[in-house]
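For reference, the structure is listed below as structure tokens.
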2 protein chains.
Amino acid sequence: MSFDDQLPPKTRLLRAAAELLANSDGSPVSTRQITKLAGVTAPTLYHHFGDKEGLFDAVVAAGFEEYVAGERDFAPSGEPLEDVRRMWDNHVQFGLTQPHLYLVMFGNIRPESRPAIVADAESLLEEMLSKAAIAGQINVPPREAARSILAANVGVTLMLIAEPLEDRNLELSTMTRDSMIFAVSTETARGAAADDSGKSSVVVAAIALNAALQASHSDQLSSSELKLFLEWLHRISSSS
Amino acid sequence: MSFDDQLPPKTRLLRAAAELLANSDGSPVSTRQITKLAGVTAPTLYHHFGDKEGLFDAVVAAGFEEYVAGERDFAPSGEPLEDVRRMWDNHVQFGLTQPHLYLVMFGNIRPESRPAIVADAESLLEEMLSKAAIAGQINVPPREAARSILAANVGVTLMLIAEPLEDRNLELSTMTRDSMIFAVSTETARGAAADDSGKSSVVVAAIALNAALQASHSDQLSSSELKLFLEWLHRISSSS
DNA sequence: TAGCACCTATAGCAACGCTATATGAAGTGA
DNA sequence: TCACTTCATATAGCGTTGCTATAGGTGCTA
């Protein structure tokens with residue numbers, strides 16, 4: 001009926017909220033349910049978390065830790081784009097196993113907590129994409145690529161969550177994933193060769209150099225020189 | 001204070017709900033607010049719509065009509081993939097101008113109404129993609145392509161909605177859009193490059209950029225800027 | 001022992017979604 | 001014209017929600 005009485009009320013509240021949130025089929029979870037399961041009374045909740053939303057934020061933060069841990073856990077394969085694929089799949093998997101947590105994290109607009117979470121997820125991806133950029137494997141700046149891929153990843157995951165379980169088709173995920181990665185990558189594992197002027201190769205090289213510079217802290221240029229240099233690089237990178 | 005008394009209560013309820021939903025900054029809208037603005041009492045709402053959710057569904061349905069109308073309004077350009085681009089942009093625009101409506105439509109899981117809406121949006125896209133398929137312009141079945149593109153479209157739109165208005169960057173949309181379309185299309189308007197021997201370092205990238213720049217006559221930099229830029233490049237390239 | 005944070009409980013408020021019941025208006029058939 | 005049905009609206013109030021004013025314990029330090 002109630003929770004482990006040894007644990008402090010704050011922890012019991014967190015666990016109770018997480019459990020109820022996970023098992024509620026989309027229906028809202030009331031503070032009374034939570035406090036009853038945790039074996040405490042209302043003011044305790046508000047003392048520790050200020051708000052119902054505050055409690056949920058704490059639950060989400062915990063869930064996000066789990067998500068990030070999942071994203072970091074596998075060792076780099078040496079093939080950055082392959083790792084990006086695994087990060088994508090891990091993201092989808094997290095959304096499907098914890099749909100309610102995921103919805104609070106990504107399916108809502110909550111100007112306070114959401115951008116931070118999104119930014120974190122983005123930088124995880126960007127980190128990996130930077131490696132790909134250094135290896136000259138992508139033709140788009142890592143930051144933009146990360147934003148774009150993450151957006152598609154979120155969209156796919158929400159789509160799958162909303163779909164009834166029986167006709168949930170993961171092919172949507174793999175197809176969209178590979179489309180996005182293919183689009184930003186320099187591999188031309190596609191038919192007809194390319195002719196185009198050297199312009200896009202300039203862009204690729206500029207992006208690669210930019211990423212490499214970020215990673216290496218080269219000291220060949222003074223900081224003021226470097227600043228201007230990077231600005232020019234960016235200008236070159238973002239030419240059409 | 002109240003709404004046009006000439007209109008039937010049902011219509012007034014719909015308009016009041018739509019107006020309040022549009023102007024509420026994410027905060028929930030109560031039935032009491034709605035009935036007060038519409039100038040009716042509670043049972044009237046429940047007589048016509050059964051439910052608060054029923055009323056909201058009706059509002060969403062109206063909003064969806066508007067969305068579909070927007071998707072259909074422009075005449076086909078004869079270039080199906082170009083039309084897909086415009087549908088994408090229209091979708092994003094709809095989401096940004098009616099964020100709360102959009103969130104109810106796409107950012108939630110509501111097993112009843114959502115799949116129908118999604119299916120409709122999907123078939124609009126699929127219709128257009130079928131034309132592209134007939135013209136041999138895509139290399140993926142239209143249905144799968146539509147699902148995939150729509151998922152990415154939704155993800156991007158939610159991303160943009162969640163972003164604070166001042167640093168909302170539509171480039172995310174166009175880039176993701178073109179990535180998705182490029183990935184499913186048979187056109188290979190892609191640059192060469194991807195020559196690199198695999199070893200990646202600042203030096204290699206700098207050399208590559210240097211060579212590429214020599215060959216391409218990029219006009220992103222003025223001649224004086226270019227001169228200094230190349231000098232720095234050389235300094236970086238000849239570092240130990 | 002006194003004082004002081006900290007934490008928790010009792011009790012209850014205002015607002016919420018919703019409804020049992022009643023009343024009015026409008027049409028229909030004899 | 002009159003009962004009868006049907007649809008639409010209103011009065012009043014139920015149960016639940018998120019939240020809080022207030023007070024009581026508990027364990028420290030002085």
Euclidean distance, atom [atom1] of residue [X] to atom [atom2] of [N] [Å, nearest integer]:
X: A:E53; N: D:dC19; atom1: CD; atom2: C1'; answer: 14 Å
X: B:L55; N: C:dG17; atom1: CG; atom2: P; answer: 11 Å
X: A:K52; N: D:dC19; atom1: NZ; atom2: P; answer: 8 Å
X: B:F49; N: C:dG17; atom1: CZ; atom2: P; answer: 15 Å
X: B:F56; N: C:dC16; atom1: CZ; atom2: C1'; answer: 13 Å
X: A:D51; N: D:dT20; atom1: CG; atom2: C1'; answer: 12 Å
X: B:L45; N: C:dC18; atom1: CG; atom2: P; answer: 8 Å

Discussion item. Looking at C:dC18, I'd like to know if its phosphate oxygens (OP1 or OP2) sit under 4.0 Å from a side-chain N or O belonging to B:Y46.
Written reply: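 Checking C:dC18 against B:Y46, a side-chain N or O does come within under 4.0 Å of OP1 or OP2.
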Worksheet item: Looking only at side-chain N and O atoms, does B:S30 come under 4.0 Å of OP1 or OP2 in C:dC16?
Response: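 Looking at the OP1 and OP2 atoms of C:dC16, one of them is under 4.0 Å from a side-chain N or O of B:S30.
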Worksheet item: Are A:F56 and A:F49 near enough that their ring centres are under 6.0 Å apart?
Response: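 No, ring centres 6.0 Å or more apart.
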Fill in: Where protein sits on nucleotides 4-14 of chain D, one letter per nucleotide: B base, S sugar-phosphate only, - none, heavy atoms under 4.0 Å
----SBBB---
Worksheet entry | All salt bridge (charged side-chain N to carboxylate O under 4.0 Å, His left out) counterparts of A:D178, not counting sequence neighbours |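 A:R85.
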Fill in: Non-neighbouring partners of A:R143 that pass salt bridge (charged side-chain N to carboxylate O under 4.0 Å, His left out), sequence neighbours left out
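With neighbours one apart ignored, the set is A:E126.
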Fill in: With sequence neighbours excluded, residues passing side chain to side chain contact (heavy atoms under 4.5 Å, CB included) with B:E144
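Listed in chain order: A:M175, B:V140, B:P141.
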Fill in: B:E127: side chain to side chain contact (heavy atoms under 4.5 Å, CB included) partners, not counting sequence neighbours
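B:R72.
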Discussion item. Suppose the criterion is salt bridge (Lys or Arg N to Asp or Glu O under 4.0 Å): which pairs have a residue in residues 88-97 of chain B, not counting sequence neighbours?
Written reply: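 Non-adjacent pairs meeting salt bridge (Lys or Arg N to Asp or Glu O under 4.0 Å): B:D89-B:R177.
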